Amino acid sequence: MKRASTLALLMALAACGGGRPPAKVLTVFAASSLTDAMQGVASGFERDHPGTRVALSFAGSQVLRVQIEQGAPADVYASADPQHLQALAEAGLVVEPTVFAHNALVLVVPETNPAGIESFEQLPRAERVVLGAPEAPVGAYTRVLLERAADELGASFTRSVLDHVVSEESNVRLVLAKVELGEADAAIVYRTDAAAGRRVRWIPLPAALAQRLDYGAGVVRESSHADLASVFVRYLRSPEASALLLDLGFEVD
């Protein structure tokens, strides 16, 4: 009887994974525009580092920055705007900041293209324009774009676009969703999000207005797994991660 009880206990422990050390959970705060990329990177990192699980949290870079400033538990911060990363580094909240990818803005319209927009110069035709909020990286970049467009295409161009803004969203995925749902005639988003969009068309910007947008990452100083977080940040520049980023439309050095 005693032997049977012992055997039953061993079988129960085996079924529960008894004796196997719990996985290290690496929490990564990442910009919404990195959703697809980070999911792929996380899978590759877990495969190369058995016993590690990467927990991903996505939001606007500015939202994640505030959360880290307020003490939210995270190990890695990946931002679509290096200014947010630099601000955290200067405050001593993030270390080892590094740029790992680049992106660009594009104009996106619904597949049906009700405003008949075929080029960026025709953006004033849109009756319903959606932009990122000014504090969101995509919104900040868009306003720089519109300031430059005023110089290149005239102040009336930018005024007309801004006069037809019907919504400002906190991250690029929400901006894109408005176009996908037919609630906007046009929007400015990242090239990588436009490429992954559904029922949309995207239009490149004129070369004179194009911006090269940097994506950076760093280790959160209060990380519970600082060494592993450092390895993850370096992994973002590895050949495996770079190949994935390229496939999704990012640029890498």
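As the structure is a prediction and not an experimental result, all values here were calculated from the model. All values below were derived from every heavy atom in this structure, side-chain atoms included, with hydrogens, water molecules and symmetry-related copies excluded.
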Handout entry: Expected output: side-chain S43 to main-chain Q39 donor-acceptor under 3.5 Å
Key = yes

Problem - Any V106 side-chain heavy atom under 4.5 Å of I203 side chain - result: no

Exercise for the section: Tell me, please, which residues at least two apart from D36 pass salt bridge (Lys or Arg N to Asp or Glu O under 4.0 Å). Expected result: R173

Handout entry: Nearest heavy atoms of L245 and A37, plus distance in Å
Key = CD2-CB, 3.7 Å

Practice task
For F232, check ring-ring contact (aromatic ring centres under 6.0 Å, His included) against everything at least two apart and list the hits.
Solution key: F45

Problem - Residues in salt bridge (Lys or Arg N to Asp or Glu O under 4.0 Å) contact with E69, at least two apart in sequence or another chain - result: R65

Exercise for the section: Output, in order, the C-alpha distance, side-chain angles, deciding distance and verdict of side chain to side chain donor-acceptor pair (under 3.5 Å) for D81 and S61. Expected result: CA-CA 7 Å; D81 184 342; S61 299; over 6 Å; no

Completion exercise
residues 133-155 vs side-chain hydrogen bond (donor to acceptor under 3.5 Å, both in side chains), sequence neighbours excluded, gives R143-E168

Handout entry: Side chains of V165 and V130 in contact at under 4.5 Å (non-hydrogen atoms)
Key = no

Exercise for the section: Look up atom CG in L131 and atom CG in L146, then write down how far apart they are to the nearest 0.5 Å. Expected result: 6.5 Å

Exercise for the section: State, yes or no, whether a side-chain contact exists between V66 and Q70 at a heavy-atom distance under 4.5 Å. Expected result: yes

Exercise for the section: For residues 98-126, pull every pair meeting salt bridge (charged side-chain N to carboxylate O under 4.0 Å, His left out), keeping only residues two or more places apart or in separate chains. Expected result: E118-R201

Handout entry: Enclosure of E46 CD (heavy-atom neighbours >12, cutoff 6.0 Å)
Key = yes

Would you be so kind as to tabulate the donor-acceptor pairs closer than 3.5 Å made by side chains of residues 87-101, with sequence neighbours excluded?
residue	atom	partner	partner atom	Å
E90	OE2	Q86	NE2	3.4
E96	OE1	S230	OG	2.7
E96	OE2	S230	OG	3.4

Problem - Over all atoms of both residues, closest heavy-atom pair of V25 and A55 - result: CG1-CB, 3.9 Å

Practice task
Could you tell me which non-hydrogen atom of V220 sits nearest to which non-hydrogen atom of A74, and how far apart they are?
Solution key: CB-O, 3.4 Å

Problem - salt bridge (Lys or Arg N to Asp or Glu O under 4.0 Å) partners for D75, two or more places apart - result: none

Completion exercise
To the nearest 0.5 Å, atom CG of L174 lies from atom OG of S32 at 7.0 Å

Problem - Close side-chain approach of I117 to L107, heavy-atom, < 4.5 Å - result: yes

Exercise for the section: Could you tell me if the ring centre of F157 sits under 6.0 Å from that of F120? Expected result: yes

Handout entry: Ionic contact status for E180 with R199, cut-off 4.0 Å
Key = no

Exercise for the section: List, by chain and number, the other hydrophobic cluster members for V144, where Ile, Leu, Val, Met, Phe, Trp and Tyr join if side-chain heavy atoms come within less than 4.5 Å, directly or indirectly. Expected result: none

Practice task
Report the residues that fulfil salt bridge (Lys or Arg N to Asp or Glu O under 4.0 Å) with R128, sequence neighbours left out, ordered by chain and then residue number.
Solution key: D185

Exercise for the section: Would you mind listing every salt bridge (charged side-chain N to carboxylate O under 4.0 Å, His left out) that reaches into residues 239-253, with sequence neighbours excluded? Expected result: R191-E251, R212-E251, R212-D253

Handout entry: Validation row: Y215, H102 side chains within 4.5 angstrom (heavy atoms)
Key = no

Practice task
Kindly indicate whether the side chain of R53, heavy atoms from C-beta on, has any atom under 4.5 Å from the side chain of K24.
Solution key: no

Practice task
Only pairs at least two apart or in different chains count here, so list each salt bridge (charged side-chain N to carboxylate O under 4.0 Å, His left out) that has a residue in residues 219-233.
Solution key: none

Practice task
For the pair Y235 and H49, name the ring-plane relationship: parallel under 30°, tilted 30 to 60°, perpendicular over 60°.
Solution key: perpendicular

Problem - Side-chain heavy atoms of V189 within contact of L105, under 4.5 Å - result: no

Practice task
Output all residues satisfying ring-ring contact (aromatic ring centres under 6.0 Å, His included) with H225, sequence neighbours left out; order by chain, then residue number.
Solution key: none

Problem - Heavy-atom donor-acceptor pair, Y190 side chain to V138 backbone, under 3.5 Å - result: yes

